[in-house]
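One structure is given here, and the rest of the page talks about it.
Side chains are part of it too, since the values below use all heavy atoms of this structure and drop only hydrogens, waters and symmetry mates.
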Amino acid sequence: ALIHHLAIGNNVPLENISAYLAGAAHSVIMEWVPKEDSQVQRLLASREDVFEHYDQGSFEAAISAHLKIVRKESIWGTVRTLYLLERKA
């Protein structure tokens with residue numbers, strides 16, 4: 001669960017994360033943690049929520065610019081989703 005720390009905790013745009021991951025590895029397993037998750041709520045507790053594009057649709061669009069979504073699975077009992085991604089050829 002790295003995305004929410006980079007995007008919310010450090011203001012790194014989702015597009016930049018996608019580009020970096022595509023350059024770093026052929027395959028990536030990534031966990032999407034939405035705003036409704038308690039850990040994201042904790043990050044937002046001490047700051048203004050200016051992350052209007054931090055949602056699953058925007059995440060998938062940003063990721064799809066550099067990586068192919070091979071599979072995604074909801075994680076039972078949570079609001080999180082696990083993704084298997086591969087670098088686009």
Study note, to complete from the structure: Taken to the nearest 0.5 Å, the spacing of Q39 CD from L44 CG works out to 11.5 Å
Study note, to complete from the structure: In short, P34 meets V40 closest at the heavy-atom pair O-CG2, 3.3 Å
Review point. Given the rule in the side chain to side chain contact (heavy atoms under 4.5 Å, CB included) test, do H4 and L43 qualify, once you have shown the distances and angles that lead to the verdict?
Key: CA-CA 9 Å; H4 65 290; L43 287 172; 3.6 Å; yes
Revision key, fill the gap. Here the gap from I17 atom CD1 to H5 atom NE2, rounded to the nearest 0.5 Å, amounts to 11.5 Å
**Study point:** 4.5 Å side-chain heavy-atom contact, K72 and L84
**Key:** no
Practice item. Please check if the side chain of R47 supplies one atom and the backbone of I8 the other of a donor-acceptor pair under 3.5 Å. Key: yes
Review point. With no hydrogens and no angle check, is any side-chain donor or acceptor of E86 less than 3.5 Å from a backbone partner on V28?
Key: no
**Study point:** Check: R80 main-chain N/O paired with T78 side-chain donor or acceptor under 3.5 Å
**Key:** yes
Check your understanding: Got a second to check how far L14's CG is from I3's CD1, nearest 0.5 Å?
Key -> 7.0 Å
Check your understanding: Is the backbone of F51 close enough, under 3.5 Å, to the side chain of K35 for a donor and an acceptor to pair up by distance?
Key -> yes
Point to revise | Check: S18 side chain, A62 main-chain N or O, donor-acceptor pair, under 3.5 Å | key: yes
Check your understanding: Out of curiosity, W32 CH2 to D55 CG, how far, rounded to the nearest 0.5 Å?
Key -> 6.5 Å
Practice item. Give a yes or no answer on whether the side chain of R71 reaches the backbone of Y83 with a donor-acceptor pair at less than 3.5 Å. Key: no
Practice item. Please confirm whether the backbone N or O of Y54 pairs with a side-chain atom of S58, one donor and one acceptor, at under 3.5 Å? Key: no
Practice item. State whether the side chain of N10 and the backbone N or O of V12 hold a donor-acceptor pair below 3.5 Å, judged by distance alone. Key: no
Exercise for review: Quickly, which of I63, L21, V70 forms a side-chain contact (heavy atoms from CB on, under 4.5 Å) with L85? Name it, please.
Suggested key: I63
**Study point:** Trace of the side chain to side chain contact (heavy atoms under 4.5 Å, CB included) decision for Y20 with E15
**Key:** CA-CA 9 Å; Y20 173 78; E15 294 80 11; over 6 Å; no
Point to revise | Derivation and outcome, side chain to side chain contact (heavy atoms under 4.5 Å, CB included), residues E60 and I69 | key: CA-CA 8 Å; E60 289 184 4; I69 299 172; 3.9 Å; yes
Review point. What heavy-atom pair brings L82 and I29 nearest, and what distance separates the two atoms?
Key: CD1-CG2, 3.9 Å
Check your understanding: Short question: side chain of K88, backbone of A22 - any donor-acceptor pair under 3.5 Å?
Key -> no
